[in-house]
There are 2 protein chains.
Amino acid sequence: MVNTISHIHCQNCSMAPLCLPKNLSEGDMARLDTIIQRHKPLHKKDLLVTADAPLRYLYAVRSGSLKSYTLDDHGVEQIIDFHLPGDLVGFDALATGRHRSFTQALETTMLCEIPLNSLDDLSAEMPVLRRELMSMMSSELYTSKQLLGSLNNRAADARLAHFLLGLSQRFADRGLSGKSFRLSMTRADIGNYIGLSVETISRILSRLQHENVLLVENKLVEILAMDRLERLAG
Amino acid sequence: MVNTISHIHCQNCSMAPLCLPKNLSEGDMARLDTIIQRHKPLHKKDLLVTADAPLRYLYAVRSGSLKSYTLDDHGVEQIIDFHLPGDLVGFDALATGRHRSFTQALETTMLCEIPLNSLDDLSAEMPVLRRELMSMMSSELYTSKQLLGSLNNRAADARLAHFLLGLSQRFADRGLSGKSFRLSMTRADIGNYIGLSVETISRILSRLQHENVLLVENKLVEILAMDRLERLAG
DNA sequence: AGCTGTCCTTGATCTAAATCAGGAAAAATT
DNA sequence: AATTTTTCCTGATTTAGATCAAGGACAGCT
C-alpha cells in the first residue's frame, strides 16, 4: 500500500484555498505541485531557518505554527511574526537572497518546501501565479504596516485586543473557530510581539476574563464578547 | 526647442540606480521607459492617493517626499510610511486592487506614474524586472518588520535614534549627505510614526544636541557623533 | 512689512505600564 | 511518579513618557 503521508498534493491539501495555489486553475495547480516538496516535520523549538542562511525555498505551513524573530545587538529575541497554516515563510528574504530572521516551530509543524528557482520560472509562464505571489506579499506588507499603526500610540489593552482579533480572523479564514482557539505561543511571546511585558499581558487577560469579554484557560481562549473586544481594539 | 521637462526618461534619471530600473539592461530600461508617464507636480499637502481609490498606477518618487497614513476609527491620522526619491508607492494595495492609505506630499514633489497593467505584462517578459519588483517589495516588508522590532520594547531615545539613522542611510543611498539633512516632516509626524508625543521628540532632540550627538536647527539635522547615535539605537 | 496660524520648545504634573518580588500551576524531563 | 524547569499570575513600587500649560519662533498670506 502507498504511504499516504508521502503523497500530499496541493490538489488535496485543505490549505490550498488560502495558500499560494488558491487562484490557480487545475492545470496550473498541478504544475505548481510538481515543484513542491515536503519538508520533514518540525518539533516544538526546532529551527526552520536561521538568519543569514541562503534563501533556497519558500515554505508553506501545512499544519502547526511558527514564530519568526531577529536578535538585537544584545542578543535579545525580537519576534516579528507568527505563522499559521496557509502562510508562506521567506518573503522578507527575497531582496538579499539570505534569510533575515530565525523561524522556529511553536509546536509540531508540517511544511511544504517550494524551490525558489523553479517558482521564478513558473511565475514567468503563469500570470495568475505571478499575481498571487505579488498579492500575498502585498497583504503581508499591509498587515505589517497596519500592525505598526495599531501598536504605536495605543494603550496596552487595545494592543492585546488587536492581536487577539487578528488571530481570531486568521483562524476563521482557515475554517476553524474564530471564537475559541488555542494560543501556541507563550504570554512572553505575545508581549514581545506587541511590545508589552509578560505581566501586563497576564493582567489584561485576567481583567478581560473578569469583565466577561474573554474566557481564558491556560492556552485556550474563548471570545465571549466580540463586539466589546473590537471596540477595545479601536 | 524641446521642453526638457517633458522628456524625463529612466535613462537619464538620477534616481534610476535606486528605482525600479536599477538592474535592467539598456534595452529593458528603454522598454520600461515607454510605459512610464509623468505625473503633474504635487505641492505641499496635495494628496497623491486616497484610501479606497482603485489602484491603477504605482508611483515612483522623482524628487520631494510624501507621507502615507491611515485614519483610525476616530479619524485620527496614523502615519505608516515616509517616501523619498527612488521609492515606489502603492505596493500595499496590490492584494486588494484598492489603495489602503492616503499619501500626501510633504513638499513640492515630482513623480513618475507606472500603469499596473503594462507593468504586469512587462514583468512576464522581463525576468529581471519581475525579480526587481519582488525584491523591492521584499525590502519594504523587511524594513517594516524591522521597524516593528525596533519600536516595540524600546525607549524613546532609541526609537528616535533608529528613525534618524534610517533617514540618514536612505539619504546616503541616494548620493546625498547622510550626516546633514533636512527633515521634510514635522516633529508631530515623526512622533506619530514612531509612537511618541511631539513634546518627547522635541525634548530628545534638544537633549541630543546638548550632548553633542546632533546639531539641530529647525528642520536641519546634522549628525555629529554617528557612533553614539548608533549605540543609542541599539 | 505685518498678520495669522502652525510648529516647536520647555516646564510641571500625572499615569500607564515596567520592574521587582514571590508564589502557584503547568509542562517537560528523569 | 517525582523532580526540575518553564510558564503564568498577582501585588507593591517605580519610572518613562503622556498630558497639561504657556510662550516663542517660523512660514505662508495678504
Side-chain angles (χ1 to χ4, degrees), chain A residues 43-46 67 74 76-79 104-108 151-164 182-211 214-221 232 234, chain B residues 42-46 67 74 76-79 104-108 150-164 182-211 214-221 232 234:
Chain A
H43 304 114
K44 190 170 180 171
K45 298 200 177 170
D46 285 351
K67 66 174 172 182
H74 309 292
V76 176
E77 187 176 313
Q78 180 51 247
I79 299 176
Q104 186 183 40
L106 294 171
E107 59 193 313
T108 301
L151 294 190
N152 273 348
N153 310 320
R154 271 193 161 72
D157 51 5
R159 296 186 192 201
L160 186 56
H162 180 93
F163 174 77
L164 290 173
R182 199 183 138 272
L183 301 172
S184 59
M185 67 292 290
T186 65
R187 308 282 195 269
D189 284 342
I190 298 174
N192 182 303
Y193 184 55
I194 64 177
L196 298 170
S197 69
V198 203
E199 294 94 328
T200 301
I201 301 292
S202 195
R203 271 186 255 270
I204 294 175
L205 285 177
S206 300
R207 209 193 71 212
L208 292 180
Q209 165 132 270
H210 278 135
E211 293 173 354
L214 299 178
L215 201 150
V216 185
E217 201 188 324
N218 300 324
K219 298 284 196 178
L220 291 172
V221 171
L232 247 183
Chain B
L42 296 181
H43 304 114
K44 190 170 180 173
K45 297 202 178 167
D46 285 351
K67 66 175 172 183
H74 310 292
V76 176
E77 187 176 313
Q78 180 52 244
I79 298 176
Q104 186 182 39
L106 294 171
E107 59 193 314
T108 302
S150 53
L151 294 190
N152 274 348
N153 310 319
R154 270 194 164 69
D157 50 5
R159 296 186 192 201
L160 186 56
H162 180 94
F163 174 77
L164 290 174
R182 199 184 138 271
L183 302 171
S184 59
M185 68 291 291
T186 65
R187 307 283 196 267
D189 283 342
I190 298 175
N192 182 302
Y193 184 56
I194 64 177
L196 298 170
S197 68
V198 203
E199 293 94 328
T200 300
I201 301 292
S202 194
R203 272 187 255 271
I204 294 175
L205 285 178
S206 299
R207 209 193 73 212
L208 292 179
Q209 166 132 272
H210 278 134
E211 293 172 355
L214 299 178
L215 203 149
V216 185
E217 201 187 326
N218 300 324
K219 299 283 196 179
L220 292 172
V221 171
L232 248 182

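Atoms considered below: every heavy atom in the structure, side chains included; atoms not considered: hydrogens, waters and symmetry mates. In what follows, chains are A, B, ... by sequence order, proteins preceding strands, each numbered from 1.
Straight-line distance from the CG atom of B/Asp46 to the P atom of D/dG28: 14 Å, rounded to whole Å. Distance B/Leu183 CG to C/dC7 P: 14 Å, rounded to the nearest Å. Here D/dT7 presents its P atom at 13 Å from CD1 of A/Ile190, a figure rounded to the nearest Å. Put simply, CD on B/Glu107 is 20 Å from P on C/dT6, counting in whole angstrom units. In this structure, A/Asp189 places its CG atom 8 Å from P of D/dT7, rounding to the nearest Å. When the P atom of C/dA27 is taken as reference, atom NZ of A/Lys45 falls 13 Å away, rounded to whole Å. Rounded to a whole Å, the CZ atom of A/Arg182 is 15 Å from the P atom of C/dA26. Per the geometry, CG belonging to B/Leu220 stands 15 Å off C1' belonging to D/dA25, to the nearest Å.
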Subject >> Stepwise side-chain contact (heavy atoms from CB on, under 4.5 Å) test for A/Thr186 and A/Lys219 >> reply: CA-CA 8 Å; A/Thr186 65; A/Lys219 298 284 196 178; 3.9 Å; yes

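Side-chain N/O atoms of B/Thr200 include one lying less than 4.0 angstrom from OP1 or OP2 on D/dA18. Distances shown here put every side-chain N or O of B/Arg187 at or beyond 4.0 Å from the OP1 or OP2 atom of C/dC7. Phosphate contact (OP1/OP2 of C/dT10, side-chain N/O of B/Ser206, threshold under 4.0 Å): present.
Using a 4.0 Å heavy-atom cutoff across all strands shown, A/Leu205 reaches no nucleic acid atom at all. Across all strands shown, B/Gly195 has heavy atoms under 4.0 Å from sugar-phosphate atoms exclusively, and none from any base. Contacts of A/Lys219 with the nucleic acid, taken as non-hydrogen atoms under 4.0 Å apart, involve only primed sugar atoms and P, OP1 or OP2. Here A/Ile201 lies out of heavy-atom contact (under 4.0 Å) with every strand.
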Subject >> Structure string for DNA chain D in dot-bracket form, Watson-Crick and G-U at under 3.5 Å, | interchain >> reply: ||||||||.||||||||||||||.||||||

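Closest approach to the B/Ala156 side chain among D/dT19, D/dG17, C/dT9 is made by D/dG17 (side chain taken as heavy atoms from C-beta onward).
Exactly one of A/Leu164, A/Val198, A/Ile201 qualifies for a side chain to side chain contact (heavy atoms under 4.5 Å, CB included) with A/Ile190. That residue is A/Ile201.
Remark: the A/Gln209 side chain and the D/dC9 base include no donor-acceptor N/O pair separated by less than 3.5 Å. On a pure distance criterion of 3.5 Å, a polar donor-acceptor pair joins the side chain of B/Arg203 and the base of D/dT19.
Under a 3.5 Å cut-off, the side chain of A/Asn192 and the backbone N or O of A/Ile79 do form a donor-acceptor pair. A donor-acceptor pair under 3.5 Å is absent between the side-chain atoms of A/Asp157 and the main chain of A/Ile204, judged by distance alone. A donor-acceptor contact shorter than 3.5 Å is absent between the side chain of B/Arg187 and the backbone of B/Leu205.
Residues B/Asp157 and B/Lys44 both approach DNA chain D. Their nearest nucleotides, taken by heavy-atom distance, put B/Asp157 toward the 5′ side. Looking at which nucleotide of DNA chain C each of B/Thr186 and A/Ala155 is closest to, the 5′-most match is held by B/Thr186. Residue-to-nucleotide proximity on DNA chain D shows that, of B/Arg154 and A/Ser202, the 5′-proximal contact is made by A/Ser202.
Closest non-hydrogen pair, A/Lys45 versus A/Gln104, comes out as O-NE2, 3.0 Å. Looking at every heavy atom in both residues, A/Val221 comes nearest to A/Leu214 through CG1-CD2, 4.2 Å.
Using a cutoff of 4.0 Å between basic side-chain nitrogens and carboxylate oxygens, B/Glu211 and B/Arg207 are scored as salt-bridged.
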